[in-house]
Every structure is written in C-alpha cells, then in structure tokens.
Amino acid sequence: MKRRLFVGGAFAGLPIHLASAAPQAVKAGGIPVTTLGKTGLKVSVIAQGGARMDLHPTVAAAAEHVRRMYDLGLTYFDCARMYWQGRSEEAYGIGLQGVRNDVFLTSKSAQRTAKGAQTDLETSLRLLKTDHLDLWQMHDLRTQNEIDAIFAPGGAMETFEAAKKAGKCRLIGFTGHFDPATHAAMLKAYNKWDTVMMPVHAADHAYLSFEKTALPVAKEMGIGVQAIKIFAKANLLRSLSATECLRYALSQPGVHVAICGAGTQGQMEDNIRTAQGFKPMAAEELAATQKKAVTGAGVYTGPTLEYWKKA
C-alpha cells in the first residue's frame with residue numbers, strides 16, 4: 001500500500017516526514033452527534049465545508065465527493081451562495097439528490113438588503129434542489145455599518161425572518177472571520193439567532209481572539225456555534241497535527257460543530273476518523289496545544305497566519 005502525501009487533513013506538499021503509515025480505511029457511520037445549541041436539533045460534530053469544492057476539477061467530480069461523504073456517514077453539509085461562483089451549491093444539489101431529508105443542509109448570503117437576500121435565497125434553493133434550507137446565514141460580517149444595514153428598513157433581516165416564517169429555512173444565523181468585536185456586537189443586536197460561525201483554532205488566542213471576545217457571548221446566549229479556520233488554511237500543520245487541530249476546536253466550551261473545508265476524500269476521511277474517536281482535551285492539554293501552536297521554527301503567528309482578520 002502506498003503512503004499518502006498528506007497527514008490528517010493536511011494539504012499535499014507538506015514535508016513527507018510528517019506522514020505516518022497509511023491509515024486503515026475509514027468505517028462508515030459512527031460520527032458523534034450533538035445538540036446544536038438551543039435549537040434542539042441533533043447534528044454531526046463535523047461538517048463538510050463547501051468553500052473548497054473548487055479544488056475539484058469539475059462540478060461532477062465535486063458532486064461525487066459530496067455523495068461519498070454522505071455514504072461515509074456525514075450528515076452536515078455547509079455551503080454558501082458565493083462559493084466557487086455558485087458551483088459548490090450546484091455540486092451539493094447533484095450529490096445529495098435522493099437523500100436531502102437525511103442531511104442538515106446550509107447556505108449563506110452576503111447580501112445586506114432584503115431584495116438581494118431574496119434573490120440569493122431563490123438561487124440557492126434552485127441549485128441545491130430543495131424547497132428549504134436547514135440553516136441560512138448572513139455571510140462574512142465585518143463592520144458595524146453592515147450590522148446597521150442588515151437591521152435597517154429594507155435590510156436583509158426582513159428576508160431572513162420572512163424565510164424562516166415561510167418555512168424556506170428552519171434556522172437563521174450569521175458568519176464571519178474578520179473582527180471578533182463586530183461578531184460580539186452582532187450577537188447582541190438580535191436575540192433570536194439560532195447559530196453563529198466563527199474562527200476557532202489553537203492560535204486564535206494570540207491575535208484578535210474570537211475565542212476570548214465572541215465565543216463567550218454565543219455560549220451565554222445558548223447559540224449553536226460552528227467553528228471554522230480549524231487548520232488555519234493548513235498553516236497550523238507546521239506545528240500541530242490535524243487531529244490536534246480538530247480535537248482542540250471540538251473541545252472548546254460552546255462549540256458544537258467543526259466545519260472542515262477539506263477538498264479531497266482522504267483529507268475528509270482523516271477528519272471523520274478523528275471525530276469517530278474523539279476525546280475532549282482536558283484544560284492542561286488545551287493550554288499545551290495553544291502554546292505549541294504559536295512556537296517553533298517556521299511557525300506563523302498573528303496577521304501573517306490569520307490574514308483573514310482585520311489588520
């Protein structure tokens with residue numbers, strides 16, 4: 001059996017000495033589930049992210065990947081209107097045909113007006129081949145001006161609330177990775193959020209920390225939290241294993257789901273293995289992992305690592 005050129009969800013190109021012997025084939029099913037905050041809904045603790053569907057050469061290939069992940073027991077599929085210029089939603093729609101009612105399906109809109117959000121919703125439902133989303137989210141929130149626009153007359157919140165009332169989406173939330181203070185302000189601006197998405201990873205504590213600023217607010221409100229940037233676009237794999245990265249995120253109090261942006265079957269199989277054997281980190285291990293994440297030769301920190309946060 002040939003040794004694979006990745007380890008635990010890492011991208012190809014990392015030093016080969018990081019890889020161990022090829023793992024056993026992943027067993028289908030057995031992925032732990034959790035209650036998504038105060039929603040009461042049961043979801044798998046890891047999700048297939050739609051942002052890196054663009055790593056597949058065609059929509060058809062991406063759709064095959066999506067279906068394979070479902071066959072392995074994954075039931076949480078995260079997407080957004082803007083991913084791969086709409087091709088990610090198209091791939092999900094094809095790959096999940098016939099099993100739509102067995103999965104938790106999400107999408108997002110970056111529109112800040114009611115009209116723009118409505119157009120996005122209609123397009124998402126068409127490409128995803130469904131009559132409703134399990135979760136619809138306001139995408140990539142960055143500034144207070146955006147918050148003001150969303151809640152103003154004619155703002156996106158009008159469409160989001162109407163969609164939920166009409167059954168076009170079961171839950172509503174918002175996402176972002178730019179400014180933890182803006183995230184905290186958005187959480188406090190509305191007391192009916194079902195979910196929130198934010199960066200959660202072992203180096204976050206060192207620079208504009210969402211874990212310190214926004215995560216405690218979400219936890220106090222009982223909101224379902226989806227963790228992103230778990231591997232810091234693979235850069236954390238300079239200091240941590242992918243298993244450590246994923247265990248760290250899932251061990252954070254208040255985190256319910258880790259969105260894994262893996263674009264290959266092998267990467268996602270490694271994430272599924274970690275979830276299947278997941279054991280929360282104790283406080284000492286969490287602290288040690290944080291320290292390890294920001295030390296060592298060639299390890300990035302601050303804005304060099306987390307370029308998606310505001311400067």
Around atom NZ of K291, are there more than 12 heavy atoms from other residues, nucleotides or ligands closer than 6.0 Å? no
Answer yes if the side chains of E64 and H56 hold a donor-acceptor pair under 3.5 Å, and no otherwise. no
Over all heavy atoms of both residues, which pair between M53 and A62 is shortest? Give the atoms and the distance, please. SD-CB, 4.0 Å
Of all heavy-atom pairs between S109 and A117, which one has the smallest distance, and what is that distance? OG-CA, 3.9 Å
Determine, using ring centers only, whether H139 and Y83 are less than 6.0 Å apart. yes
Surrounding OH of Y300 (heavy atoms of other residues, nucleotides or ligands, distance under 6.0 Å), is the total greater than 12? no
Report the C-alpha distance between T119 and Q111 in whole Å, list the side-chain angles of each, state the deciding distance to 0.1 Å, and finish with yes or no for side chain to side chain donor-acceptor pair (under 3.5 Å). CA-CA 9 Å; T119 298; Q111 298 296 320; over 6 Å; no
Going by distance alone, is a donor N or O of one side chain under 3.5 Å from an acceptor N or O of the other, for Y307 and K233? yes
Are any of the side-chain nitrogens in K164 or D194 under 4.0 Å away from the carboxylate oxygens of its partner? yes
Examine the side chains of T182 and Q144 and answer whether a donor and an acceptor come within less than 3.5 Å of each other. no
Measure from NZ or CZ of K168 to the centre of the six-membered ring of W136 and say whether it is under 6.0 Å with the direction within 45° of the ring axis. no
Do you know which two heavy atoms are closest between K310 and Y207, and how far apart they sit? O-OH, 2.7 Å
For the residue pair T264 and L55, establish whether any side-chain heavy-atom pair is separated by less than 4.5 Å. no
Given K229 and E306, is the salt bridge (charged side-chain N to carboxylate O under 4.0 Å, His left out) satisfied, shown in steps? CA-CA 9 Å; K229 309 297 187 188; E306 300 181 273; over 6 Å; no
Heavy-atom nearest pair, H132 first then R100, reads O-NH2, 2.9 Å
State, without any angle test, whether Q137 and T175 hold a side-chain donor-acceptor pair at a distance under 3.5 Å. no
Between F174 and H183 (judged by ring centroids, cut-off 6.0 Å), do the two rings come close enough to count as a pair? yes
CG (L305) and OG (S239) are apart, to the nearest 0.5 Å, by 8.5 Å
So do the side chains of T35 and L41 get within less than 4.5 Å of each other, counting heavy atoms only? no
Could you tell me which non-hydrogen atom of M198 sits nearest to which non-hydrogen atom of L215, and how far apart they are? SD-N, 3.7 Å
Any idea which heavy atoms bring E158 and A114 closest together, and the distance? OE1-CB, 4.1 Å
Is F210 reachable from I230 through a run of I, L, V, M, F, W or Y residues, each pair having side-chain heavy atoms under 4.5 Å apart? yes
Using a 4.5 Å cut-off on heavy atoms from C-beta on, say whether the side chain of L135 contacts that of I172. no
Under 3.5 Å, is there a donor-acceptor pair between the E161 and Y190 side chains? yes
Considering residues, nucleotides and ligands other than K309, do more than 12 of their heavy atoms fall under 6.0 Å from its NZ? yes
